[in-house]
Every structure is written in structure tokens, then in C-alpha cells.
Protein chains: 4
Amino acid sequence: MYDVIVKNARIPQGHDTVLTNILVKDGKIAGFVESIEGLEGREIIDAKGNLTIPGCIDSHTHFMDPGFTHRENFLTGTSGAAAGGVTTIIDMPCCSVPSVRSVAQLENKIEKIKDKAIVDFALWGGVTGEDVREGWLHNVQEQADYGVTGFKVYMTPSVPTYPRVTDPEMYECFKAVAKTGLPVGVHAENFAMCDFYVNRFQEEGRMDGPAWAEARMILAEKVAIQLAISFAEDTGVRLHIVHMSTGIGADLVKEAKMRGLDVTAETCPHYLTLNYEETMSKYVQLAKIAPPIRTTEDNERLWKGIQEGSVDFIATDHAPYSLETEKLKEGFNIWTAFPGIPGVETMAPIIISEGYNKGRISLSRLVEILSTNAAKHYGLYPKKGIMNIGSDADFTIVDIDKEWTIEKDKMYCLNKYTPFDGFKLKGKIYKTIVRGKVVYEDGEGIVGEEGYGQFVKRQSIQKLDHIIKF
Amino acid sequence: MYDVIVKNARIPQGHDTVLTNILVKDGKIAGFVESIEGLEGREIIDAKGNLTIPGCIDSHTHFMDPGFTHRENFLTGTSGAAAGGVTTIIDMPCCSVPSVRSVAQLENKIEKIKDKAIVDFALWGGVTGEDVREGWLHNVQEQADYGVTGFKVYMTPSVPTYPRVTDPEMYECFKAVAKTGLPVGVHAENFAMCDFYVNRFQEEGRMDGPAWAEARMILAEKVAIQLAISFAEDTGVRLHIVHMSTGIGADLVKEAKMRGLDVTAETCPHYLTLNYEETMSKYVQLAKIAPPIRTTEDNERLWKGIQEGSVDFIATDHAPYSLETEKLKEGFNIWTAFPGIPGVETMAPIIISEGYNKGRISLSRLVEILSTNAAKHYGLYPKKGIMNIGSDADFTIVDIDKEWTIEKDKMYCLNKYTPFDGFKLKGKIYKTIVRGKVVYEDGEGIVGEEGYGQFVKRQSIQKLDHIIKF
Amino acid sequence: MYDVIVKNARIPQGHDTVLTNILVKDGKIAGFVESIEGLEGREIIDAKGNLTIPGCIDSHTHFMDPGFTHRENFLTGTSGAAAGGVTTIIDMPCCSVPSVRSVAQLENKIEKIKDKAIVDFALWGGVTGEDVREGWLHNVQEQADYGVTGFKVYMTPSVPTYPRVTDPEMYECFKAVAKTGLPVGVHAENFAMCDFYVNRFQEEGRMDGPAWAEARMILAEKVAIQLAISFAEDTGVRLHIVHMSTGIGADLVKEAKMRGLDVTAETCPHYLTLNYEETMSKYVQLAKIAPPIRTTEDNERLWKGIQEGSVDFIATDHAPYSLETEKLKEGFNIWTAFPGIPGVETMAPIIISEGYNKGRISLSRLVEILSTNAAKHYGLYPKKGIMNIGSDADFTIVDIDKEWTIEKDKMYCLNKYTPFDGFKLKGKIYKTIVRGKVVYEDGEGIVGEEGYGQFVKRQSIQKLDHIIKF
Amino acid sequence: MYDVIVKNARIPQGHDTVLTNILVKDGKIAGFVESIEGLEGREIIDAKGNLTIPGCIDSHTHFMDPGFTHRENFLTGTSGAAAGGVTTIIDMPCCSVPSVRSVAQLENKIEKIKDKAIVDFALWGGVTGEDVREGWLHNVQEQADYGVTGFKVYMTPSVPTYPRVTDPEMYECFKAVAKTGLPVGVHAENFAMCDFYVNRFQEEGRMDGPAWAEARMILAEKVAIQLAISFAEDTGVRLHIVHMSTGIGADLVKEAKMRGLDVTAETCPHYLTLNYEETMSKYVQLAKIAPPIRTTEDNERLWKGIQEGSVDFIATDHAPYSLETEKLKEGFNIWTAFPGIPGVETMAPIIISEGYNKGRISLSRLVEILSTNAAKHYGLYPKKGIMNIGSDADFTIVDIDKEWTIEKDKMYCLNKYTPFDGFKLKGKIYKTIVRGKVVYEDGEGIVGEEGYGQFVKRQSIQKLDHIIKF
Ligand SMILES: [Zn+2]
Ligand SMILES: [Zn+2]
Ligand SMILES: [Zn+2]
Ligand SMILES: [Zn+2]
Ligand SMILES: [Zn+2]
Ligand SMILES: [Zn+2]
Ligand SMILES: [Zn+2]
Ligand SMILES: [Zn+2]
């Protein structure tokens, strides 16, 4: 007697797919069978022949809880995740009050959010310039021991409660994180460059959306990544470039990998598909993020990075702000509005549509960049990230040929805006299943329960192979 | 009702293994289940918790049948395969009478061997200098259409019925094979170099075993590979270096891959583990092969090649000669004895022992180099080379910790000699299963039937990704 | 009738040298003859068969005049130059009051120093963060038009009158200098890194000399050079790394050259011959400079850079401070003493002894790095930097085998200290000749006159070829 | 009292030129003076302000003497040299009877030609497959000791008296030459490739000129160079690729240099300026040479090689055949005519016109590739190849702006044909001076005497620096 049988699931097998039935017991995969004749399940979920892949992971979200729950909270955030086929998110340490930079703060955060989550979640640890200055770096190993997946470091200011690092502070943080064996995730933009040109453009009176992208120029990301790589080479830390937005970034990461350095990178759907001239002219502050949307050339070079392995996986940097008070308030403009957009809900559909369905990536690469690689990189594998016997029964079932259009008003997250509003896609989430339980169903909406989602500690320290495909 | 259930099989899953039960129907995998409660099978095979991997493939054998059956034949050859955990072999076109260079000759060969095979087999096509000179290159596409897996080309003379190519003839062969989309497998040694130094050393009176290796020097393989790569670059053919014996070869293939060329390579267990000074001093003509065994430095560089991906998979170049008449006959010496050794029977155990059990390669890499990659490269995948639902139920079950010693007299092949006689191993074949049927069992010996083995046509044209791990 | 004949001069010719007589008319070279029979000269200078090379150039001096004449002044500075075989110096814009960042300030400086110089001099232009902030960048082209040789930029603070640049300010400076076609010379150390570790080491109570070098670590130079190269690539400016102290720097410059970028570098005698552990333990603040003296490994890698062409020429960063009030004053220590040492007087002898006489470099490379390359790079060639017919008759005559020891008390510069005190050399300046006139003679001392030295405007815009020797 | 004064000579000085007067005593340069007032010379040669460079060197001629004097002889050959501004030639060992492969044969050749030469000459040594087979390799060191400049090896057959090498014979030759420290000059084409396609095209009935170039394809040169480089790497011999005709060759040589190998190359004027489609259609067998003329793309890539340093200097492969009996005889065609063209007479004018006057190369590079580098490479420097005091007074005086047209009937060599007939040039030889004596004068023609030209032994063993300009 199985708890659940997911029948008629088309799963990836080598180059191709195979139709099978997935057996689930105690929330874990117990088998795959060609025929369920003679087998019983308490619950039968019919995948109806749809593509069934390991549950997607968004390893870079800011669900703003506790503290900024007018922007997002764990219920709305994980609802969006479920609707977007994401079965596990890894939340950032910065955008909550207090920010998460110690075990006590981790425990506080988990306490505040544990009854809200619809999908599973892991957590990033934190370390800032303040921790260096105040002698608090012992918190790094303690957070690692507690089970965080990595440590976030900001080269530019973001929220006041989570100060940026100067160059030597970053170097000190890298040394501390290196000892844990975990990756350090770096927001890589040269602060002085960004600050200078944002001020200059403001002084010059530019008020157009594209001004934001031109001020936070590609060069500012390039030199920040170069600096981080040099510090990583010196300290031996595992360096991860979060939300990498530029083609030159992919080149730098590739070169570092080829030299044997432990450097990885994620990019986001918007850096793969949108260009700033069009998008920021149209959406202005609603498309304001940091780093900014770049050019179509960057889009293509990042796809190439995804294909060849210089870019390791996809995440969203989901970070919405209040439309009323932080984005569109009377008098707010491209300079004064807060930088951030939601993303968890649209990640998988966009990558499936633009990547797999447009022939840019194979099915096996799709699974790697949406699920497996993040799971491995952050030590959640093989509990998450793969459909092995014994793994969690997390599935993203996709109606691969269904055409639809993103509509901001149908989103589940709290603040309903996105630069993808009106974006046409092929491939829609059919069902999202977390540990054998359907939490989202196309047509029905969210069917999961608040608090069903569990906190997942890092299982072990694992590294992605650094593989380049020529 | 399943035909067969392989119970208590420990199969690779990501970084690790999982204990499962494998369901088999019609010779194909029908499922994996944690528990077989409620399931029935006509036959239950108990793997007893042993490691179960996709059936190993030896893609480079010379079973000498029809024509030279005093050396080996398809019954003895496939018996050795079964005993060595090999469920599919791909036989070379050269060492049979007639050699295989046309569809008629393919059909003749299949007719002669089809009732002898214990494991499955596919076939290489052939093309020689004679085919170029005589205007017979149309046979290339015809063989491809018939289902061969690739085409073998010899830069040095081997058997009289299968003439070598001169440089321009090789170039013409490459152009012809390029059109088929299939790989050309090249025996890469510079003939003039080998010939000159073999003659010179003979004239100088050297009669020691190592003289053979010194005469057919590393440089002769290096320049032959360089030439083949340049011709491949020019013609666009998929170039495969068979039985690559040198570290410099691995470097050249890596460099070619990094330039985007479609160049692959196999190496053999003896090139990974033996050095000529020791081995050829001890075994003299019994260890005489071409290319010869090299140095310990080459061993290590080839393991590195296996690790990083410059060497794609393992094969054996199994080519035994008659001990009585061709190797040890009165008056035969290092120069006059025929060059060749058996290998199909010891390939998997040696690679498991020296590679996986000594920590040189991971389990997933082990499976790739013994099974998956050859299957993909030669278009047999996913029928062969993987344990997918729907794939052939070919399994190599390994008693991973069992220590044993290779003894030549216990071999199944016809001529019982090997430079590995007395070699100590950890890891022994427990059972060999072809399409759900046990053909070999430790302790029992060969339990398969003559003629059970099937001819497998190439399924499609597939390419290995050219991946380098840094 | 010639003005001067320098007889018995042994001049470099290809791989070798040739004994000749040099004819001089109007301060310029008018010919070379094997025999002076039948020729007359108003003055005959006998080189006595000594090696005679083009007058050496120190393209990086801080003669501190006007403004800090208690440190050095143009009379003492150029006396040291003459004694050191240097016939032309190029003075930096920073260490005078006012600093030189406009044509008016250039004219003021020339007025103040023109009656003091014993050897010829050219001048660097200046640009700082203040010029960016205040909108004074128009001064850049104006200085270029006036005849400066390049522009100096500081990434770290040096003197209060010459503010450092932030990263975006450096980028703006590069854009402005790029338009002139002249090189920008960058003091490349990451300010925040240096500042942080200097403070930390002070807090930790380190008072030893080596602490200075460990605080201003190699990594701080590495990342500063990387940043400058990225900015140079983006702006197209000709980037020159002044006083490069690290082996990794040579690697970065080489790599940039091989990518076709216009990046050059100079190093100093102390970075080629001294290591910080020994030297800073012994001399403490008397050896305090920025960047600091490095390791013996850096010495060797910089010599290699000189040999292969990644390092383009030698300069000294001559910048002495008052022994009484700025270096050794009661209570001054490694942290509070001013950073700087003299160098113009010992450059050529050290490079001749350690480079040429120890076989590290050929005679032709010696001439390039002490004279020709700086002349070309800064647009003074062929007036300076070569012994062509028509070139200025500037000669450094060297008694190539004479052994001697540097003694600080015999120095001509104002503040008599040097980390080379007691350093044994082979090769001594025999005579220094500027435009046909002897200004220094071994045994006699300075024989030139104050004010004889002329201001030399840049003659044209020239570039060094970027040549790497493999 | 000087023997000769060459007055009003404009000589290269750094980036520019300077007008001077050159003093000559005993055939050597004794000085350069701005004014000759007060100086006497037995003879005054007026250069009239024309560009005066070191006498050009053609280091690759086949003057066919003794033995094939119906093709060329040392009088006609050196007359052509003089007319072409060439003051030294280095004659190949192959095209005389007997060929030159021993000291006795060297002495015989010198005896036969010494009374004919108008310009100076040095000699190549020889080594062939026959020398390997017959055990005559001791002749290699003996020839080196006698003073040859290098050793020629043929991968393809040329003349019957000078057999080609097989691959192992080439390897043996390289080992023998490696011991001498001298370069081995290789005619690098894959023989089997050339032979096969020449035969095939003939069989196919192609009779057009371009067929020759298509048969001896670029790939045949590429793989031959690769082989030679691998053998050079193994043996340590200094490898020189003679008459390199392809762009890919320049790439291979560059790569070898960058790996630190001692590999050099020459190309010829026809490979830099002509393309086979046009030239061979027009001149058919009169433009037949081996390797053949290539494409305009090869022209450009070879110019780039000359610019960046991957190609080291220019030579001509001057090898004319009898128009009557070997080129244009009744019934002779593209396949049967002998391969070879003259070149010594047009080398310098073509390179001056197409290289320097068209701005492809600087004046200093012009001097290097026409004179200095060959002199250094072959150990004749600084006696030849430079205008140093003490060097031979060999000058090529060029009327740099004079426009003219090559006319075959005005040539001095014996068989008057050239694919450059009708080629328009800017820059003409004004005077050719050997050891202070005019041997050719524009308008006057040859004014030198038979037998004035001297045999020049190699002075020493020298190597070119391997420098790449990025
Ligand atoms: Zn960020
Ligand atoms: Zn973020
Ligand atoms: Zn073979
Ligand atoms: Zn074989
Ligand atoms: Zn400085
Ligand atoms: Zn300085
Ligand atoms: Zn030739
Ligand atoms: Zn030739």
C-alpha cells in the first residue's frame, strides 16, 4: 500500500522521456513502475502524460518576513512559488527584521515563518561589514553548523539592517566563510561606480527608466566579479555570483572555472529575456532592479553560459516592494522608487518556454538549472533536486505545449507587478507536488496548506562539478 | 505479472546508491520499486544488495569469426564477455575472412556468428586503402544504412585482408565517413616510424620484450593523432582514437575538444595499469600488442584523462592469437610473434578495482566509461547503456568488496593468456544479466545459451557531449 | 671642426660592442668614426674604452620642488641623477606646491626649477579626483598640448595637495586622458585594503618593519592592477603601471599585452633586488615605501618580466623625506614615518650590476630598460634614448668591471639614506654627459652647472611595441 | 684616408632615417659622419640622399651550379642578386651535381663556383634519407664544422640526386642536426598527399594551371609542418620552415614559438602577393612551384605573420628551369613541366614596394626581414646583416619613390621568366654595394666582376629571439 501514486507521469530518461507511474511512501519516492496493476495507493494523482520533473528550486528569494510583510510574506511568497512550480525556496538573510546573521536570528525567523509556508524552504546565512567591524565573525561557523546553505554578502548597500562590505571587509568575510566549506553568494556591483553615476545622472536631470541601467553600468558588475574572483582565489572560498546579469560575467566565471577555481554563478529569467531599453522605457520603476536589466547581447551570452556550463543555474532574486508606498507613490520616480521585482512565480514557466521549448537547452539541462544544480550546490541533494528512489516526492508537472500569457493580476504574491506582464509563454505548470501532496493545480489554484512547507536544513556540504561543454 | 524481478539491487542514484527492486518485462526494464509486496515475477533474481549497474559494453573486440577461429570465436569470445560483466560487444570488421567492408560481408558475418553469441553484439563497419583505390567508397554509406556503429581505419598494417591507409587514403576515408554522421575509429600510429625502428632494433639484435615498446615509440602515436585531428578538422568527420595508449594523446584530444572539434578517444585497461618495462620483460611476446604498453607516467595521465573527460570511455581491443602457432611456437620471438592480447573478460573488474575502488573515479563516472558513453557514441542508447524504464534489462552486478586474483587458466576465451595473470583485484562480477536473463554467475560460470545474444543495429546517430571537467 | 669628440667609446652594436669615436656638434651626435685622424674637436673627452650607452632616463622622480624642498630640490635631485648616470628625469606632478594639474601650474613649476637643473628634465601632467569633482578635466588636454609626457593618477592618498581618485573618478580620468593619446600612470594599490590592514596591524600593536609590507599586501596591488586594466580596456586609455612591485603584476600586464591592450609597466631597482623581511627588519621606516618591498619570489618574477617584455622599463620613484622631521624624528615609527626613499642615484648602477653583469639581461635589453623604452613611451625619442646621428649627445659611460659599495653618506641627494647602503656592485658610472658636456665624472664628482639642464617638451606621441619574448 | 666614402646616404635610425656619410676601410664600415669636411676617400660614391640599408640577403637560392648550368649558374645567379639589391646569397645543397652532403662535395662546389660570383655567398649543408640509410650521418657535423649555415631536408622528392626523407628518416636527420646547434630547413609538404592528388587530377584530365595548386593542397603543408614541429620538440633541433606558403603555417609557427620551441620560418615574395587562381591561370607551368602559390587569404595571413613575428624573414627559393627544355618544350604541360621559378632579382623590390611602401611594415622591420634576421639565423651576423662599425660595407641603396615595372626580358638570370612579369612597383634598386664596391647600378647594370664575390663561412652559432608582437 503506497501513500500516493502519481500515474501517467512522463519523466526524463537520458535524451528522452518515458511514461511511468511514480510510487510515493512517507513523502518519498518509493518506485517507478510501467504498470500499476496490482498496486494500491491511498491517493492517485493523474499526471495525464504530462512532463514531470524534479520539483523546481528557487535558491534566491527575499520573502521579507518577518519585518517587511507589506512587501511579501511567507504565505504569499510560497503561494507564488507553488503556483510557479517551485517546491523549495532558499530565502535570503537580508530583508527581514532583524536580518539573519546569527543562530538566534535564524531561530527567530524560522519561528515567525514556519506556520505560513506552503512549499519547503531552506535558508541562507548572513555576514556583513558590521560583523567584521564588530568582531562577530564567529557567527559564520555557527550558522553553518545550524544548517544554512551559504552566506550572502553585499558589495552595494541594500537594506539598512544588512550593511554592505568594503573591499577588505569582503576579504575578511571570504576568509571566514572559506572555513565552513559553504559558498559565499555575492551581490557583485562596484558600489562607488553605481553611486557616482546614479548621482551624476540625477544631477543631469535624467528621469527616464533606461537611465537606471546606464548608471549601474555593465562595467560595474565586471570589475566587481573580477575582484570577488581574485579574493576567492586568495582565500579558497567557494564563490557564487548571485543574479549575474552580464555576458562578460559569464566569460569571467568560465575562465575562473577553467583555471580550477571554485566559482559558480546563477542568472535570472529577466537577465535572459529582457533588455533594458525596451523594458525600462515601458515599466520604468516597476522594472527597477539591481543589477539592472541589460542588453539583448547579454541575454544571448547568458544563454550561451547556461548551455556551456559557465552559468550553473537559475534563481529569481524575488524581491517585491509595496506598489503603493515604495514603487508608485506620488512623486516617486526612477531614482527614488525601491529596486526589486517579484519572480518566483514566473521562473520555471519562462525558462521552460524560452529555454527548452525554444530549443536553447535540452531537457536534461532544463532539469539541472531549475532543480538539480541548486540542490547540489546548497547541500540539499539528493533529498531535493532529483527523482531518485528515496528522494522527496517533489514534482513539477508541466503542460508542455499549453500556450498562455502572464497576467500580473493573477499572481499570488502580495504586490502584483512584473516586467513580464503580457509575456506570452508555451508551457504551463499543471501541478506542483511537495512531498507527495499537490499544493498547486492549474485551474484550481493553491491547494496546499499554510504551514505544510517544512524548513529543510542543509544535508551536507556538496560541490557542483565544474564542467564546461565545448 | 512481470517476467523477472531483480530484487535487492543497489543501483547508482546521483552521488550515492539506493537499494531497489527492478521489474523486467519482455526483456526491458518496467520499473523500480522499494518493495515488491504485491508484485509477482515469473523469475526472481536476488542481487543480494550488490551494486547493479547498466550492462558493460566492450566496443572494441576482435572475435576473429569467421576466419581465424583458432584465435577466438563468437562463442568463446562472448563467453569471456559474459564472465567479465560485458552484456554487449561491438566487433571490429578487420579480423575475419572476409573482412567486413560491405553489406554483403556484414550479412555473411552475422550469418556465421548469430548462433554462437551469449551476449548481444553490434558491429563496426570497415573501410581501407583498397576501398579508396578501387572506388568502393559507396560501401560506406551502405554499411551505415545497414546499422554499423562506425568505421575502422588502420594507419598501420594489421591483417592482410584489411589493408592500411596511406595519408591521402585516410583523408578520402574521412570524407566518405563524414557524410554518414558516424565516427571513424582510427588505429593511430605512424606506420613508417614503427616499421623503421622495428627493423632497426631487429638489425641491432635486440630480442628483449621492451624493445617492442621502444620501437613503436610514443612519438609515433602522437604524430598519428595530430594528423588524424587535422584531417578531422578539415573533413568534419567524427574522429575517434581507438586504444589510445599515451598521455600526450589525452592532451591532444582534450585540446581538440576545447577547440570544438568532434574528437573522442577510448583507452584500455592495460594502458591504464601496466608499464612496458616490467610487463614486457616478464611476458615478452605474450604482452606484445600495438600500440604497445607504455610507462607509469602514461598510466597516470590517462587516468587524468578519464577523470577530466578528455578520454571518453574504456574498451579492450580484445585480439588474442593462438598460443601454439602464433605466440609461443618454437623460434617465435618478440618480433615474429603476432601482436594482440585478450581483454574482454577482465575489463570491468580491472576498472572497478583500479578506478572506482581505488578512488580514482566516482561511481557515476564508472558507469559512463564502462557503459553509457560507448552506448551513446555508437548509437545504441538508451536501449543499451542505461537503466531507464524501457531500456534493455542488461545488468552487471558486482560484488564490490570481493578480493580475487586473475588466473589465466580460468579464463573463458579460447587462448588463455593475459598480462594480468596474477593481478590482484577488489570487486568481482557477481552476475551478468542480458535482457533479463542471467548469462553468467559467480561460482556457476557461464549459464547463458549459445545464440541467445542478438545482433543490435545502431538505433540512431548520437554524439557524446564534449565536456571537460576542470 | 666638431664641438666635442668622445674618443675611445665602446658602444653597443647588435649583440656586441665596437670601439669608436663619437663626434658631437651643437649638442647633438654628428657621427661615429673608427679613427679621428684628420678630425678636430674643440674638446676631446676620452672614454678610455669604457662602455658608452645612451644617457639613462629616470621617468619617475619626485624632486619635491617647489614646496617641499627640505626633502629634495631640483639642484640636489639632478645632482644625484648626474652622479647616477641619468641624463634626463621626468618629474611627477604631485609632490610640489602647488601640485601640477594645469598649464599655469606647469609654468610656475618650470619657472621655479629651471635655474637649478644639472641634467635635462621633462614633466608629467596631473589629474586627481578633485579635478573630476570640480569639472576641471579640460586641464588634461591643455597640459598634453603644453608638452607633458603623461598623467599621474593615485588610487591611494599620497600628499594632501594631490587627492586620490575613487573608482569612478579613475574611470573619468581615464576617459579624459584617453583623448590625449598619452599614457596614464597609475599608482595601483587598493586603498581600502591598505587602509584597513594598516589600521588593524596598528591596533594589534605591531611595530616591526615587515608589518608595513604585510599590511599593504600583494593582493592589494593585484586587484588594483586588474581594475585599472578593465578600465583601460573600456576607455582605450594607454595604461602604465608605475612602480609595479609584484610578480603577479607582471603576469597581469603580460596577459593584457597578449590580448592587444595598450598596457605597460615599470618596476624599480628595489623591487628587483630586495625582500621585505630582511630589508624592513633592518631599515624599518627608512625602507618604508608604497607599494612596499616584496619577496624574493617577486624579485625573480619581475626579472623574468623584464626579460620577456611584460615589464617595459625601470624607474625609481625617487621620493626622499626629511630624515630629521619626517623619518627619524623622536617618536616616529613604522606607521607614522613618511613613506618614500631616494633612488635616482643608484638606479643605473644597480641594474647594470644585478642585471647585465649577473647575466640576467643582454646589453641591448639593458639599454632599452634604462633609456630607450622610457624615451619612446614618453615621446622623447629619438632626441633622447638612443645614440643616433642627430640625437642629443647624452651618454652614460660605465666602468663596467669596477667593484664598489653604495655608501649613503656619499650620495648627492639632500636626505642621505637608502636601503641599498652597503650594497656591493660591479659597474660604476665613469662619466655622465648631457648634450656633449660632462656633468659628472667619477673621482671628480658633479662638474655640471646649475641651470644647464633644460626642460624638454614631449616631442610627439609614441607608443612602445608590445612585444613578448618566448 | 678612407678607401671609400658613401656620401649622402639616408640610413635608418630608430623610427626614422638620418642623412649621413659612411666611411669604408678594407671593405668594412669605419664610421658615420654628418659631414665629410676634412676627410678623404679614394673613392666617393654618392648615394644622393637615397635610402641605404644593410645589404639584402637571399638565404634560399638554387643556383644549380655545378651540374644544371642550363638552368642557372653562379655568374648569372649572382648577377641577378646584384641587380636585385642582394649582397649575399646562401645556396642550397640539392640542385648541383653532385649534391652537397659532405665536406668533399662542399669543397668541390666552392671550387667550381668561386670564380663566378659577383656577390658574396654562403652555403647550406645537406642531409637526405640516403644518408640515414647508408650510415653517412657523420657528414652532418663535418659540414657544420666546415662552416655551412644549416641543413636542408626534403619531405617531398625534388632532384634525383638529393632523395627525400621518410618520416623516421627525417626524425634521424633532426637528431643528427640537433647536435650541431644549426637549424634544419625543411621543405614541408606531405609527400603522399601531394603525390596522390597530383595523380588523381591528372587521371581526371585536369590540364589547367590551378589544378597544380589544388592538388598540392594547403592541408598537405599544414600536416607536414605539424609533424616537423613535433619532431623538433622531441629532438630539440632548431626547426626552420623554408618557403612557407600558408597562413595556417604562420599560426602553427607562432604557437610553437609561444610554447618556447625553437621554430622559425621564411616566406617568399610570391606567397605574399600572388594568388593561384589568377597567377596559375595566366602563367600555367611558368608559375609552377612547390609548394604552390596559394590564396589572397594566405597572402594576408602571411603579411600578418611578418608583422607580428611568427614569420621571421624573406627568402626566394630561386630555382629556375630551362624554358626551352624543361618548361615550355613541345608537349610539356602543368604536370610534366619542372617546378621552379627565379626570384633573387625581384625579392627586395617587391618587399619594399608591397611591404614598406604600402605601409604594411615599418622600415626597421623591412631591414630585419630582408637582411638582419637571416644574417643572425645563419650565423653571419654582424659581419653581414647590419650597418655596424666593423661590419662588411654591404649596402642596398634604394630609390624609394621610383615607379617601375618588372619586365622579364630585362632580367639577369639565365632563364628569363617570372610570374611577376608586368608587376608594377614603387621603389627600385639604385646601387648595390658589396664590401665597399658597387656591383650594380641602376641604368648601368652589372658593374661588379666575376669572382669578386667571396665564400663566407658561418661566423658562429646564433639564434633569433622568438618575439611575438601583440
Ligand atoms: Zn542583490
Ligand atoms: Zn537578492
Ligand atoms: Zn588497433
Ligand atoms: Zn583493435
Ligand atoms: Zn606611487
Ligand atoms: Zn611615485
Ligand atoms: Zn623546397
Ligand atoms: Zn628550395
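Below, all heavy atoms of this structure are taken into account, side chains as well, without hydrogens, waters or symmetry copies. In what follows, every chain begins at residue 1, and chains take the letters A, B, ... in the order their sequences are listed. All figures in this text were calculated on a predicted structure; none of them were measured in a lab.
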**OP:** State the CG-CD1 distance between Leu51(B) and Ile397(B), to the nearest 0.5 angstrom.
**Re:** 9.5 Å

Original post:
Of the listed residues (Ile11(B), Leu19(B), Val18(B)), which shares the most heavy-atom pairs with chain A below a 4.5 Å separation?
Top reply: Val18(B)

Subject >> Leading residue by heavy atom contact count with chain A [cutoff under 4.5 Å; candidates Ile29(B), Leu261(B), Leu23(B), Ile468(B)] >> reply: Ile468(B)

Subject >> CZ-CZ distance between Phe174(A) and Phe231(A), expressed to the nearest 0.5 angstrom >> reply: 7.5 Å

Original post:
Do the non-hydrogen side-chain atoms of Ile361(A) and Ile351(A) ever get within less than 4.5 Å of each other?
Top reply: yes

Subject >> Student check: side-chain heavy atoms of Phe395(B) and Val6(B) closer than 4.5 Å >> reply: yes

Would you list the atom pairs in which one atom of chain B and one of chain A form a donor-acceptor pair under 3.5 Å?
unit_1: Tyr2(B); atom_1: OH; unit_2: Ser35(A); atom_2: O; d: 3.3
unit_1: Gln13(B); atom_1: O; unit_2: Asn388(A); atom_2: ND2; d: 3.4
unit_1: Gln13(B); atom_1: OE1; unit_2: Ile389(A); atom_2: N; d: 2.8
unit_1: Ala30(B); atom_1: O; unit_2: Glu34(A); atom_2: N; d: 2.4
unit_1: Phe32(B); atom_1: N; unit_2: Phe32(A); atom_2: O; d: 2.3
unit_1: Phe32(B); atom_1: O; unit_2: Phe32(A); atom_2: N; d: 2.3
unit_1: Glu34(B); atom_1: N; unit_2: Ala30(A); atom_2: O; d: 2.4
unit_1: Ser35(B); atom_1: O; unit_2: Tyr2(A); atom_2: OH; d: 3.3
unit_1: Asn388(B); atom_1: ND2; unit_2: Gln13(A); atom_2: O; d: 3.4
unit_1: Ile389(B); atom_1: N; unit_2: Gln13(A); atom_2: OE1; d: 2.8
unit_1: His466(B); atom_1: O; unit_2: Phe470(A); atom_2: N; d: 2.8
unit_1: Ile468(B); atom_1: N; unit_2: Ile468(A); atom_2: O; d: 2.9
unit_1: Ile468(B); atom_1: O; unit_2: Ile468(A); atom_2: N; d: 2.9
unit_1: Phe470(B); atom_1: N; unit_2: His466(A); atom_2: O; d: 2.8

Original post:
At what distance, to the nearest 0.5 angstrom, does CD1 of Ile433(A) lie from CD1 of Ile45(A)?
Top reply: 4.0 Å

Subject >> Flag side-chain contact, heavy atom, 4.5 Å: Ile22(B) against Ile5(B) >> reply: no

Original post:
Between Ile306(A) and Leu302(A), is any pair of side-chain heavy atoms under 4.5 Å apart?
Top reply: no

